[in-house]
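One structure is given below, encoded as structure tokens.
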Amino acid sequence: MLSFIRFADRLSAWFGKTFGWLIMLMTLGVSYEVFVRYVLRSPTAWSLDVSFIMYGTLFMMGGAYTLSRGGHVRGDFLYRLWPVRVQGAVDFVLYLLFFFPGITALILSGWKYSARSWQYAEVSVNSPAGIPIYQFKSVLVAAGILLFIQGIAQLFRSVIAMRDGVWIEAEQDVEETEQLLLRENEPRTSVHVD
């Protein structure tokens with residue numbers, strides 16, 4: 001179980017970090033559009049669509065990474081007070097009842113949606129440029145598969161929490177700014193030996 005958890009975490013991290021670079025492309029694209037629209041008075045027909053496609057791709061492909069790091073919104077006001085074994089049992093049941101059926105539906109319906117889009121080489125109806133969007137529809141399936149794999153790892157984490165009373169955390173790779181600031185502002189105690 002532990003080796004699968006590590007595999008899924010690394011896979012999710014790789015995809016999350018790789019697709020995270022879309023933020024840079026989006027920034028450049030939106031900056032370009034703002035420049036040509038307001039300075040040159042010559043807006044593009046494609047920029048808004050491309051921004052939507054990149055943002056949607058980033059959002060979808062980052063889902064498994066966010067799940068692996070416990071970054072999704074959850075109602076912790078009671079959950080955090082429970083013993084680890086109870087948390088593990090609740091997570092286990094909720095993953096089986098809600099997560100896996102929902103992600104399976106995402107994969108299956110995304111597959112049909114994507115396949116239909118590829119059949120007729122769908123283009124955006126919101127843009128006079130007719131930006132191709134059939135490739136983007138495939139992101140639904142890829143993101144669903146990544147979430148399913150990460151969900152299995154989360155289910156294994158729940159089993160270990162129920163069995164051993166400890167949570168297996170993902171390897172630390174990034175840290176919230178608030179946590180860094182709190183750690184920097186902690187009073188430092190030092191012991192002097194004479």
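Both backbone and side-chain heavy atoms feed into the values below; hydrogens, waters and symmetry mates do not. Along the sequence shown, residues carry numbers from 1.
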Taking ring pair (Phe, Tyr, Trp, His ring centres under 6.0 Å) as the test, write out the residues that go with [X], two or more places apart.
X      : result
Phe92  : none
Phe100 : Phe148
Phe136 : none
Phe35  : none

More than 12 heavy atoms of other residues, nucleotides or ligands under 6.0 Å from OH of Tyr95: is that the case?
yes
Let me see the working for Ile168 and Arg6 under side chain to side chain contact (heavy atoms under 4.5 Å, CB included), right down to the final yes or no.
CA-CA 10 Å; Ile168 303 297; Arg6 295 293 177 225; 3.7 Å; yes
Side chains of [X] and [Y] in contact at under 4.5 Å (non-hydrogen atoms):
X      : Y      : value
Asp9   : Glu171 : no
Phe156 : Leu2   : no
Thr44  : Arg37  : no
Ile160 : Arg163 : yes
Val159 : Met1   : yes
Ile133 : Val123 : no

To the nearest 0.5 Å, what is the distance between [atom1] on [X] and [atom2] on [Y]?
X      : Y      : atom1 : atom2 : value
Thr66  : Met61  : OG1   : CE    : 12.0 Å
Leu28  : Leu22  : CG    : CG    : 11.5 Å
Asp49  : Met54  : CG    : CE    : 11.0 Å
Ile145 : Ile103 : CD1   : CD1   : 11.5 Å
Trp111 : Ser138 : CH2   : OG    : 8.0 Å
Leu25  : Phe19  : CG    : CZ    : 11.5 Å

- Task: Treat each ILVMFWY residue as a node, draw an edge where side-chain heavy atoms are under 4.5 Å apart, and state whether Tyr32 and Leu40 are in one component.
- Result: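 In one cluster: yes.
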- Query: Among the clusters formed by ILVMFWY side chains lying less than 4.5 Å apart, do Leu147 and Leu96 turn up in the same one?
  - Reply: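 As far as the 4.5 Å side-chain criterion goes, Leu96 and Leu147 are connected within one cluster.
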Run through the side-chain heavy atoms of Ile, Leu, Val, Met, Phe, Trp and Tyr, join any pair under 4.5 Å, and report what else lands in [X]'s cluster.
X      : answer
Met24  : Trp21
Phe98  : Phe77, Leu78, Tyr79, Trp82, Val84, Val86, Val90, Val93, Leu94, Leu97, Trp167
Trp118 : Tyr134

- Task: Can you tell me which residue pairs pass the salt bridge (charged side-chain N to carboxylate O under 4.0 Å, His left out) test with a partner in residues 97-124, sequence neighbours excluded?
- Result: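 For residues 97-124, and leaving out neighbouring residues, the salt bridge (charged side-chain N to carboxylate O under 4.0 Å, His left out) pairs sorted by first residue read Glu122-Lys137.
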What's the shortest heavy-atom distance between [X] and [Y], and which atoms?
X     : Y      : result
Gly63 : His72  : O-NE2, 3.1 Å
Met60 : Val139 : CB-CG1, 3.7 Å
Ser12 : Gln150 : OG-OE1, 2.6 Å

[X]: which residues meet the side-chain contact (heavy atoms from CB on, under 4.5 Å) condition with it, sequence neighbours left out?
X     : result
Ser51 : Val30, Ser47
Thr18 : Trp14
Leu81 : none

Quick note, ring pair (Phe, Tyr, Trp, His ring centres under 6.0 Å) partners involving residues 47-67, not counting sequence neighbours, are none
### Query
Under 30°, 30 to 60°, or over 60°: which ring-plane class applies to Phe4 and Phe7, parallel, tilted or perpendicular?
tilted
Using modelled atom types only, decide if a donor and an acceptor are shared between the side chain of Thr57 and the backbone of Ile53 within a distance under 3.5 Å. yes
